[in-house]
Visitor: 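Below is the structure I would like to discuss, written out as structure tokens.
Quick note on labels: first sequence line is chain A, next is B, and so on, each numbered from 1.
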Amino acid sequence: MNEKARILHVIKTLKTVYGDAHIALKSKDPFQLLVSVILSAQCTDVRVNKVTPFLFEQFPDVRSMSEAPIEELEELIRSTGFFRNKAKNIKAASQIIIERFNGDLPLTMEEMITIPGVGRKTANIMLYNAFGVTAGIAVDTHVKRLARRLGMTSETDPNKIERDLMAIVPQKDWGKITYVLINHGRQICKARKPLCNKCPVQDACPSAKQFI
DNA sequence: CTCCCGATAT
DNA sequence: ATATCAGGAG
């Protein structure tokens, strides 16, 4: 079995095991999803889901968020970390969305990444989950770690990892592959102590023996 | 490359 | 005590 066939086998197996994998961030519309994704940087989704109910109770939409006092915003999201940057970005993003996009989120990668606090990872998550648009593959810390361990890339830069993954993963799987890898990364292929003996793709993983 | 940063697992 | 957690900007 060649390298490409090995990788496709890994993807197929993980898709079967984590078939119901989906976004874990709670939101009731695209704008709330954007705020949640910005908050999720270097923070667990469980923590984000704990603060957003209180945050959206005070500032439920793009209009109210654009006028939110920065100190109140900071206090409401403090526990998610990087709270000064995140508060500043969320407010600036809200103002930009109103001024440049007439209050609605843009539907293209090009426009999406002009929003403060939004890079390719956040844009990919938004386009797929809010609008069903498949522009690329969202590379977060889990996707980066797993793609490297599973031998799908040797790069460390998220943009280069995304390019490598897009060349291997069938386009119809670009949206879902992120959640498949995230779930596998949380349950089995954990950052510190990966559970290789319980891994469904152990036999096809070039990193397995190094952790056993 | 560095900085931002609190919460949690190990 | 320290590594890690749905990253992005300068």
Visitor: Roughly, in whole Å, what's the span from CE in A:M112 to C1' in C:dG7?
Guide: 16 Å
Visitor: Are more than 12 heavy atoms, taken from residues, nucleotides or ligands other than A:R100, located less than 6.0 Å from that residue's CZ atom?
Guide: yes
Visitor: Could you say whether A:K190 or A:N85 is positioned toward the 5' end of DNA chain B, judged by the nucleotide with the nearest heavy atom to each?
Guide: A:N85
Visitor: Using the closest heavy atom to pick a nucleotide of DNA chain B for each, name whichever of A:R84 or A:K193 lands nearer the 5' end.
Guide: A:R84
Visitor: Within the 4.5 Å heavy-atom criterion, are A:P116 and A:I96 side-chain neighbours or not?
Guide: yes
Visitor: May I have the distance from A:I115 (atom CD1) to C:dA9 (atom C1'), rounded to whole angstrom?
Guide: 15 Å
Visitor: Quickly work out the A:N159 CG to C:dG7 P distance and round it to whole Å.
Guide: 14 Å
Visitor: Whole-Å distance between C:dG8 P and A:E162 CD?
Guide: 11 Å
Visitor: Would a 4.5 Å heavy-atom cut-off, applied to side chains only, mark A:K86 and A:N89 as touching?
Guide: no
Visitor: Can A:R145 and A:H142 be counted as having a side-chain donor-acceptor contact under 3.5 angstrom?
Guide: yes
Visitor: Does any residue of residues 50-79 of chain A have a heavy atom under 4.0 Å from DNA chain C, and if so, which ones, in number order?
Guide: none
Visitor: By ring pair (Phe, Tyr, Trp, His ring centres under 6.0 Å), which residues pair with A:F59, not counting sequence neighbours?
Guide: none
Visitor: Can you tell me how far C1' in C:dA6 sits from the matching atom in B:dT2, rounded to whole Å?
Guide: 22 Å
Visitor: Give the intermediate values and the outcome of salt bridge (charged side-chain N to carboxylate O under 4.0 Å, His left out) for residues A:D45 and A:K50.
Guide: CA-CA 9 Å; A:D45 58 307; A:K50 283 189 71 172; over 6 Å; no
Visitor: Given the rule in the ring pair (Phe, Tyr, Trp, His ring centres under 6.0 Å) test, do A:Y179 and A:H22 qualify, once you have shown the distances and angles that lead to the verdict?
Guide: CA-CA 6 Å; A:Y179 299 103; A:H22 59 278; 7.9 Å; no
Visitor: Given the P atoms of C:dG10 and B:dC5, what is the spacing between them in whole Å?
Guide: 14 Å
Visitor: What nucleic acid atoms does A:A24 come within less than 4.0 Å of, heavy atoms only: base, sugar-phosphate, or nothing?
Guide: base
Visitor: Between A:S40 and C:dG7, is there a contact of a side-chain N or O with OP1 or OP2 at under 4.0 Å?
Guide: no
Visitor: When all nucleic acid strands are considered with a 4.0 Å heavy-atom cut-off, which category describes A:T122: base, sugar-phosphate, or nothing?
Guide: sugar-phosphate
Visitor: Please determine if a side-chain N or O atom of A:R145 lies less than 4.0 Å away from the OP1 or OP2 oxygen of C:dC5.
Guide: yes
Visitor: At 4.0 Å (heavy atoms only), tell me whether A:F83 reaches a base, stays on the sugar-phosphate, or touches nothing.
Guide: sugar-phosphate
Visitor: Rounding to an integer number of Å, can you tell me how far A:N183 CG sits from C:dA6 C1'?
Guide: 11 Å
Visitor: Just checking A:V118: base, sugar-phosphate only, or nothing, at a heavy-atom cut-off of under 4.0 Å?
Guide: sugar-phosphate
Visitor: Given A:V37, which of A:D140, A:V48, A:T122, A:N129 fulfils the side chain to side chain contact (heavy atoms under 4.5 Å, CB included) condition?
Guide: A:T122
Visitor: Could you tell me whether A:I38 contacts a base, only the sugar-phosphate backbone, or nothing, with contacts defined as non-hydrogen atoms closer than 4.0 Å?
Guide: nothing
Visitor: Does a donor on one side chain and an acceptor on the other come within less than 3.5 Å for A:E111 and A:T114?
Guide: no
Visitor: Of A:N89 and A:I125, whose nearest nucleotide on DNA chain C comes first from the 5' end?
Guide: A:I125
Visitor: With sugar-phosphate meaning primed atoms plus P, OP1 and OP2, does A:L39 contact a base, only sugar-phosphate, or nothing at under 4.0 Å between heavy atoms?
Guide: nothing
Visitor: Taking atom types as modelled and ignoring hydrogens, do the side chains of A:N124 and A:E162 form a donor-acceptor contact shorter than 3.5 angstrom?
Guide: yes
Visitor: Can you pull the contact range of chain A along DNA chain B, 5' to 3', using atoms under 4.0 angstrom from its heavy atoms?
Guide: B:dC4 to B:dT10
Visitor: Determine: side-chain N/O of A:R120 to OP1/OP2 of C:dG7, distance under 4.0 Å, yes or no.
Guide: no
Visitor: So, does A:T141 get its side chain near the phosphate of C:dC5, meaning an N or O under 4.0 Å from OP1 or OP2?
Guide: yes
